[in-house]
Amino acid sequence: LNLGYKGSYSTVKNYVANHKSESMKKASIRVLYTPGLQAQVDWKERFSLTTKFGEVIEFNIFLYVLSYSKYKYIDLTLDRSQNTLFKCLINAFNFCNGVPEEIWFDNMKTVVDYHNPNNGEVTFNEKFLLFTNEFGYKPIACRPYRPQTKGIIENVAKVMDRLKVYNDELESLNDIIKRIKEFNIELNNEISQATNEKPTSLFKKEKEYLKPVINQNILD
């Protein structure tokens, strides 16, 4: 008003809302159609299966997806510590034979110390940033209460419900781990609803855009 604007507040509000929606759409297109740009990470927490002997085994599922090809890496963990996160990420990088430009994370405590809900400013965990710098990717923390920003990884979490059919059938934790490894192959060879192609097919193109994994001696 001090600059001479005579329009209403609602006009400005509507303009900003439309502009914001269009900007988000452009960002989504950039992510989905740029090979090697982005991966998403999340956990499916406290999943449990009962063995054929009646033992209840509780575990977590680590999920990693390349956004362009939908190529996936899935791992079983018994905890969600920071060191376990690092090990899973290294396994994912080796499985995909490369590292994307950026990786999107949920606001997990092993990654984010603080996420300002007002301006979106993120304070990443210091040790996590050291790990990130070693591998040369940009970390991005998804905004709280905005699950649509991680739609790809959320869809993979639903797929993990397939594990439920193995309730009372497998004999041990090792059997569950073996089944998870088989899932890595099966899911990457199934037609993706998002692309109507197999992740393995699109991954042949995307892997050319991934940055090489650093020297294995450093990883060890």
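Side chains are part of it too, since the values below use all heavy atoms of this structure and drop only hydrogens, waters and symmetry mates.
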Please check: side-chain N/O of N107 versus main-chain N/O of C142, any donor-acceptor pairing under 3.5 Å? yes
Testing the basics here: between G36 and L210, what is the closest heavy-atom pair and its distance to 0.1 Å? CA-CD2, 3.9 Å
Would you sort out whether F183 and L76 count as a side chain to side chain contact (heavy atoms under 4.5 Å, CB included), showing the intermediate values? CA-CA 11 Å; F183 260 51; L76 180 150; over 6 Å; no
I need the minimum non-hydrogen distance between I74 and L187, along with the two atoms involved. CD1-CD1, 3.2 Å
Any residue meeting side-chain contact (heavy atoms from CB on, under 4.5 Å) with V165, in chain and number order, not counting sequence neighbours: none
First locate atom CD of E45, then atom OG1 of T77, and finally report the distance between them rounded to the nearest 0.5 Å. 9.5 Å
Can you sort out the partners of I57 under side-chain contact (heavy atoms from CB on, under 4.5 Å), two or more places apart, ordered by chain and number? T51, E55, F59, L173, I176
Does N133 CG have over 12 foreign heavy atoms under 6.0 Å away? yes
Going by heavy atoms in the side chains, are C96 and L66 under 4.5 Å from each other? yes
For N97, does the CG atom sit with more than 12 other heavy atoms under 6.0 Å from it, leaving out its own atoms? no
Minimum heavy-atom separation for S192 and K70, please, with both atom names. OG-CG, 3.8 Å
Taking salt bridge (Lys or Arg N to Asp or Glu O under 4.0 Å) as the test, write out the residues that go with K127, two or more places apart. none
Which heavy atom of S81 sits nearest a heavy atom of T110, and at what distance? C-CG2, 3.9 Å
Give a yes or no on whether Y68 and I191 share a hydrophobic cluster (residues Ile, Leu, Val, Met, Phe, Trp, Tyr; joining criterion: side-chain heavy atoms under 4.5 Å apart). no
For the atom pair CD (E208) and CZ (F203), what is the distance rounded to the nearest 0.5 Å? 10.0 Å
With sequence neighbours excluded, give me every side-chain hydrogen bond (donor to acceptor under 3.5 Å, both in side chains) pair touching residues 174-183. Y166-R179, R179-E182, R179-E186
Looking only at atom types and distance, does a side-chain atom of N125 sit under 3.5 Å from a main-chain N or O of D113, one as donor and one as acceptor? no
Going from OH on Y73 to SG on C88, what distance comes out if it is rounded to the nearest 0.5 angstrom? 6.0 Å
Apply side chain to side chain contact (heavy atoms under 4.5 Å, CB included) to R46 and R80, showing your working. CA-CA 10 Å; R46 294 185 294 277; R80 293 184 293 115; 4.0 Å; yes
Quick one: do L129 and Y114 end up in the same hydrophobic cluster if we chain Ile, Leu, Val, Met, Phe, Trp and Tyr together by side-chain heavy atoms under 4.5 Å apart? no
About how many Å separate CG of L170 and CG of L49, when rounded to the nearest 0.5 Å? 6.5 Å
Applying side-chain contact (heavy atoms from CB on, under 4.5 Å), can you list everything that pairs with Y209, at least two apart in sequence or on another chain? P35, K205
Closest non-hydrogen atoms of V99 and F135, given as atom of the first, atom of the second and distance, are CG1-O, 3.9 Å
T200 side chain to N189 backbone, donor-acceptor under 3.5 Å: no
Residues that K109 engages under side-chain contact (heavy atoms from CB on, under 4.5 Å), provided they are two or more places apart: none
Which is it for T84 and D79 under the side chain to side chain donor-acceptor pair (under 3.5 Å) test, yes or no, and what are the steps along the way? CA-CA 7 Å; T84 296; D79 62 65; 2.5 Å; yes
Would you say T132 and Y137 are linked by a side-chain donor-acceptor pair, where the criterion is simply a distance under 3.5 Å? yes
Once rounded to the nearest 0.5 Å, what's the spacing between atom OG of S69 and atom CG of N188? 8.0 Å
To the nearest 0.5 Å, what is the distance between NZ on K138 and CD1 on I103? 13.0 Å
Verify side chain to side chain contact (heavy atoms under 4.5 Å, CB included) between L85 and F62, making sure each step is shown before the conclusion. CA-CA 8 Å; L85 172 64; F62 169 85; 4.0 Å; yes
Hey, is CD on E58 packed in by over 12 heavy atoms from elsewhere, all under 6.0 Å? yes
Which pair of heavy atoms, one from N60 and one from W43, lies closest together, and at what distance? CB-CE3, 4.3 Å
Could you check whether F95 and Y64 have their ring centres less than 6.0 Å apart? no
